[in-house]
Amino acid sequence: MSEVKITLPDGSARNYPAGVTGMAIAQSISEGLARNALSIEVNGEIWDLSRQIGKDAAIRIFTWNDKGGKYAFWHSSAHLFAEALEALYPGVKFGIGPPIENGFYYDVDLGDKTFGDDDLAKVESKMTELARKNSVFIRRDISKADALEFFKKKGDPYKLELLQDLADGSITFYEQGNFTDLCRGPHIPNTGFIKAIKLLNVAGAYWRGDEKNKMLTRVYGITFPKQKELDEYLHMLEEAKKRDHRKLGKELELFAFSEKVGMGLPLWLPKGTVLRERLEQFMRKAQIKAGYDPVVTPHIGSKALYVTSGHYEKYGKDSFQPIHTPDATEEFLLKPMNCPHHCEIYKVRPRSYKDLPIRLAEFGTVYRYEQSGELHGLTRVRGFTQDDAHIFCRPDQVKEEFIKVIDLVLHVFKSLGFDNYTAQVSLRDPADKKKYIGDDELWDLAEKEIQEAADERGLKTVAVIGEAAFYGPKLDFMVKDALGRSWQLGTIQVDYQLPKRFELEYVGADNQKHQPVMIHRAPFGSLERFIAVLIEHCAGNFPIWLSPEQVAVLPISERFNDYASKVIQELKNQDIRGYLDDRDEKIGRKIRDAEVKKVPYMLVVGEKEVADNQVSVRRHGMGDQGSVLLQAFVDQFLADNSMPESA
RNA sequence: GCCGAGGUAGCUCAGGGGUAGAGCAGCUGAUUCGUAAUCAGCAGGUCAGGGGUUCAAAUCCCCUUCUCGGCUCCA
């Protein structure tokens with residue numbers, strides 16, 4: 001009998017009879033591993049444990065603690081969901097049901113039936129019932145003809161459509177209990193592993209993600225091998241919700257929305273405005289240092305401006321409609337971006353190659369008619385302010401400018417403690433060059449230089465082919481929110497289109513006219529989105545230099561209000577932001593309220609402090625820090641909490 | 001825009017055909033207090049808006065609007 005050589009992750013190798021299964025290998029290693037094993041990686045592919053290994057292989061056995069194990073677990077859970085659904089609603093048609101980062105979903109067509117929250121509970125308990133049967137997942141190779149026959153008979157148009165794209169000989173079915181599905185696998189050994197089940201929500205999703213197709217019902221769920229883990233997961237979700245910027249924005253009185261003002265149009269409250277203006281100051285300072293010139297442009301522009309830029313043609317119908325005036329020939333648009341205005345600033349006089357780069361920066365408020373369903377707190381709004389700037393430079397300056405912008409973005413992230421971001425280089429699709437504007441060589445050069453600039457600054461980047469804007473390649477920075485949703489913050493984009501459309505020029509050393517390259521960049525992206533992500537990132541406990549209220553002065557009783565007023569006045573004289581809580585409440589109450597409001601410093605003042613010109617310092621979440629002279633507190637505070645500066 | 005779930009006091013939420021509720025916040029008074037909620041009283045509502053069914057609608061039905069979870073989109 002022939003043998004196969006199985007290499008384990010630690011490099012050791014063992015021989016097994018040919019056709020050995022992953023489960024048998026696991027058993028030979030240890031009883032415990034066999035009990036917890038869910039799937040196996042064989043030469044880089046993830047397999048079922050029951051599948052026979054016919055030749056030498058490097059393997060890795062996955063348990064719940066591995067991504068590959070969870071993947072199989074949730075994939076199998078999706079099948080279990082489908083089995084339960086079919087048992088409860090015969091005739092249901094299935095789309096696809098993959099595992100995702102947290103759990104799984106299944107797209108289904110329930111015909112005319114609406115699927116609501118009460119249905120979730122029903123399906124959930126059916127799933128539990130079926131899981132207890134310990135049904136084994138059986139893998140079967142099947143010919144394309146037989147597969148088509150099977151789904152024709154069953155009447156499942158979506159599976160038939162999927163089958164069309166699959167090659168004969170590569171098709172497998174998986175079967176558990178009374179349910180058979182077209183599936184590549186892998187799956188866990190049996191349904192009994194699935195102990196805790198939660199169907200999370202129902203959503204609509206277009207078949208194959210195409211708006212023109214029928215909308216299917218997408219059910220999201222998650223499962224665990226232990227009830228305790230499900231409980232922990234649900235608890236974690238609850239905790240994440242507490243960081244939600246929409247909730248904290250309301251509680252900390254940072255911003256609000258009004259139906260009357262209109263959806264997606266944030267109102268900045270006094271405290272939110274302090275935060276926002278501090279961020280602006282921070283960026284202004286860094287930009288001045290980096291050689292930017294601040295400019296200001298109006299909130300509207302004539303339609304002609306956007307016809308020139310090309311935005312009218314591309315977005316005109318799907319955006320805010322033109323503003324009319326008593327003069328019927330006039331039309332203005334709310335500005336959806338600042339670039340065209342900045343192009344006109346570039347054009348106010350002829351430019352020499354010696355003038356470049358020219359860096360025009362503006363906190364420009366723009367308006368975009370986002371789809372109503374897409375609006376989301378501050379992360380997706382219809383009116384927002386970009387920390388925008390446009391760099392007009394020579395082609396040979398692109399790389400250097402990119403490096404400078406990357407430095408600026410990294411300065412922002414570092415100053416605000418974002419260490420978990422990803423950088424994405426978006427390149428054009430070389431197979432479809434017609435989609436893009438600009439010379440081939442310029443693209444090649446810019447794409448190369450963006451990547452080089454990122455590498456030189458030690459950025460770990462993911463290059464995505466085909467994600468470039470039609471007008472140029474870009475580098476985007478993404479950060480996740482409290483619930484794990486990814487948002488794009490900073491962006492740096494090369495643009496070949498606008499310089500051309502606006503006929504931007506400079507006179508080169510050769511006395512000839514040349515076209516400058518334009519770089520759009522916004523390290524925050526937008527103040528709104530940045531603040532949203534910042535709120536979630538720090539759970540409302542802002543860096544003190546940003547905090548709307550830095551200090552609360554809390555007199556023990558009314559008798560010390562006079563001294564407390566003197567304290568708060570002295571703080572204000574030193575540009576320290578704070579408030580005096582002179583309510584007729586006990587000190588415990590005042591402290592609690594300040595803690596809830598996440599005020600970083602609380603200064604308790606009573607008899608002792610008045611006598612010695614002291615304050616009793618308490619820090620948010622850290623309790624009593626003892627008493628110091630007021631002046632000592634001020635000095636220390638100012639020394640510790642200055643606005644971070646760029647290098 | 002599409003699918004689903006929602007909108008009750010400033011906030012968090014209960015009530016689900018028969019007189020509109022609680023806690024917190026607010027106001028008034030008492031209290032003058034040492035590190036996370038002092039006590040008492042008072043006030044607060046077109047139950048998102050409009051239409052319908054009914055003797056009777058916060059409650060059932062329809063439309064509109066906004067919010068939430070997704071999908072699509074994102075200059």
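Every chain is numbered from 1, with letters handed out A, B, ... down the list of sequences.
- Taking atom CG of residue Asp562(A) and atom C1' of nucleotide U32(B), one finds them 14 Å apart after rounding to whole Å.
- Rounded to the nearest Å, the gap between the P atom of U32(B) and that of U38(B) is 15 Å.
- Taking only side-chain atoms of Arg618(A), from C-beta outward, the nucleotide of G7(B), U35(B), U32(B) with the closest atom is U35(B).
- In this structure, Ala205(A) reaches the sugar-phosphate backbone alone: every heavy-atom distance under 4.0 Å involves primed, P, OP1 or OP2 atoms, never a base.
- Contact check on Asp156(A) versus Lys93(A) returns no salt bridge, with no Lys/Arg side-chain nitrogen under 4.0 Å from an Asp/Glu carboxylate oxygen.
- The two residues His620(A) and Val599(A) make their nearest non-hydrogen contact at CB-O, 3.2 Å.
- With a 6.0 Å cutoff to the six-membered ring centre and a 45° limit on the axis angle, Arg382(A) counts as a cation-pi contact of Tyr369(A).
- Using a 4.0 Å heavy-atom criterion, one finds that Thr217(A) contacts no nucleic acid atom at all.
- For the C1' atoms, the distance linking A43(B) with A22(B) amounts to 16 Å, nearest Å.
- Contact annotation for Gly623(A): no contact, since no heavy-atom pair falls under 4.0 Å across all strands.
- For Phe320(A) against Leu333(A), the heavy-atom pair with the smallest separation is O-CD2, 4.2 Å.
- Among the heavy atoms of the strands, none lies under 4.0 Å from Tyr105(A).
- The interatomic distance linking Phe257(A) (CZ) with A48(B) (C1') rounds to 18 Å, in whole Å.
- When the C1' atom of A75(B) is taken as reference, atom NE2 of His342(A) falls 15 Å away, rounded to whole Å.
- For A36(B), the OP1/OP2 oxygens have no side-chain nitrogen or oxygen of Arg589(A) closer than 4.0 Å.
- Residue Arg380(A) places a side-chain atom within donor-acceptor reach of the base of C74(B), judged by atom type and a 3.5 Å distance cut-off alone.
- Both thresholds, 5.5 Å between centres and 30° between ring planes, are not jointly met by Tyr220(A) relative to the base of G70(B), so the two rings are not stacked.
- Between Met602(A) atom CE and A36(B) atom P there is a gap of 10 Å when expressed in whole angstrom units.
- Here, C11(B) and A40(B) have their P atoms 26 Å apart, quoted to the whole Å.
- Counting any heavy atom pair closer than 4.0 Å across all strands shown, Met215(A) reaches a base atom.
- In this structure, U19(B) forms no base pair with any nucleotide, since neither Watson-Crick nor G-U wobble geometry is met with both distances under 3.5 Å.
- To the nearest whole angstrom, the two C1' atoms, one in U19(B) and one in G29(B), are 31 Å apart.
- Although no hydrogens or angles enter the test, the distance criterion places no donor-acceptor pair under 3.5 Å between the side chain of Ser547(A) and the main chain of Gln550(A).
- Look at Lys335(A) and Asp388(A) and you find no salt bridge, because none of the NZ, NE, NH1 or NH2 atoms lies under 4.0 Å from a carboxylate O.
- Within 4.0 Å (heavy atoms only), Arg218(A) reaches sugar-phosphate atoms of the nucleic acid but no base atom.
- Here G69(B) presents its P atom at 15 Å from CD1 of Ile100(A), a figure rounded to the nearest Å.
- For U54(B) and A9(B), the C1' atoms lie 29 Å apart once the distance is rounded to whole Å.
- Look at CD1 on Ile556(A): it is 14 Å from C1' on A36(B), rounded to the nearest Å.
- Atom CD of Glu558(A) is separated from atom P of A30(B) by 11 Å (rounded to the nearest Å).
- A salt bridge links Asp593(A) with Arg589(A): the closest approach of a Lys/Arg side-chain nitrogen to an acidic carboxylate oxygen falls below 4.0 angstrom.
- Using a distance-only test at 3.5 Å, with no hydrogens or angles considered, no donor-acceptor pair links the side chain of Arg521(A) to the main chain of Ile492(A).
- Donor-acceptor pairing under 3.5 Å, judged by distance alone, is present between the side chain of Tyr206(A) and the base of G1(B).
- Pairing partner, A9(B): none, since no Watson-Crick or wobble contact has both distances short of 3.5 Å.
- In this structure, Glu251(A) reaches neither bases nor backbone, as no heavy-atom distance under 4.0 Å exists between it and the strands shown.
- Distance check on atom P: U64(B) versus G1(B) gives 11 Å, rounded to whole Å.
- If you check every strand for non-hydrogen atoms under 4.0 Å, Ile587(A) touches sugar and phosphate atoms only.
- Contact annotation for Lys586(A): base contact, defined as any heavy-atom pair under 4.0 Å involving a base atom.
- Among the atoms of the strands shown, base atoms are found under 4.0 Å from some heavy atom of Glu607(A).
- Each of Ser372(A) and Ala469(A) was assigned the nucleotide of RNA chain B with the nearest heavy atom; the assignment lying further toward the 5' end belongs to Ser372(A).
- Seen from the ring of Tyr601(A), Arg619(A) counts as a face-on cation partner, given the 6.0 Å and 45° thresholds.
- Of all nucleotides listed (A75(B), U35(B), G69(B)), G69(B) comes nearest to the side chain of Ala203(A).
- Put simply, the side chain of Lys590(A) gets close to the backbone of Arg583(A): a donor and an acceptor are under 3.5 Å apart.
- Taking atom P on both G69(B) and G52(B), the two are 35 Å apart, rounded to the nearest angstrom.
- Listed by chain and residue number, nothing satisfies the ring pair (Phe, Tyr, Trp, His ring centres under 6.0 Å) test with Phe560(A) (two or more places apart in sequence, or in another chain).
- One can find a donor-acceptor pair under 3.5 Å joining the base of A37(B) and the side-chain atoms of Arg592(A).
- The number of heavy-atom neighbours closer than 6.0 Å to CZ of Phe470(A), taken from other residues, nucleotides and ligands shown, is above 12.
- Residue contacts shown for Asn201(A) are limited to sugar-phosphate atoms, with no base heavy atom under 4.0 Å away.
- Atoms CE (Met478(A)) and P (C74(B)) sit 14 Å apart, rounded to a whole Å.
- Taking the side chain as every heavy atom from C-beta outward, Ile197(A) and Ser77(A) never approach each other to under 4.5 Å.
- At distances below 3.5 Å, not a single donor-acceptor pair connects side-chain atoms of Glu570(A) with backbone N or O atoms of Val567(A).
- With a 3.5 Å ceiling on both atom-pair distances, the Watson-Crick or G-U wobble partner of C71(B) is G1(B).
- Heavy atoms of Gln497(A) sit nowhere under 4.0 angstrom from any nucleic acid atom.
- Partner assigned to A36(B) is none, using Watson-Crick or G-U wobble distances below 3.5 angstrom.
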Which atoms of nucleotides 60-63 of chain B (N or O only) lie under 3.5 Å from a protein N or O atom, and what are those distances?
none

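- Comparing the same atom, P, in U28(B) and in U35(B) gives a spacing of 28 Å after rounding to whole Å.
- Contact check, His376(A) against G69(B): a side-chain N or O comes under 4.0 Å of OP1 or OP2.
- Nearer to the 5' terminus of RNA chain B, by closest-nucleotide assignment, is the contact made by Phe560(A) (compared with the other of Lys314(A) and Phe560(A)).
- Contact annotation for Gly588(A): backbone-only contact, meaning every heavy-atom pair under 4.0 Å involves sugar-phosphate atoms and none involves a base.
- Both distances falling under 3.5 Å, in either a Watson-Crick or a G-U wobble arrangement, place G26(B) opposite C42(B).
- Contact annotation: Arg382(A) does not reach the phosphate of C74(B) (side-chain N/O to OP1 or OP2, under 4.0 Å).
- Judged by Watson-Crick or G-U wobble contacts below 3.5 Å, the nucleotide A58(B) has no partner.
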Might you list the N or O atoms of the protein lying below 3.5 Å from N or O atoms in nucleotides 9-12 of chain B, with each pair's distance?
from   : atom 1 : to        : atom 2 : distance (Å)
U12(B) : OP1    : Lys250(A) : NZ     : 3.4

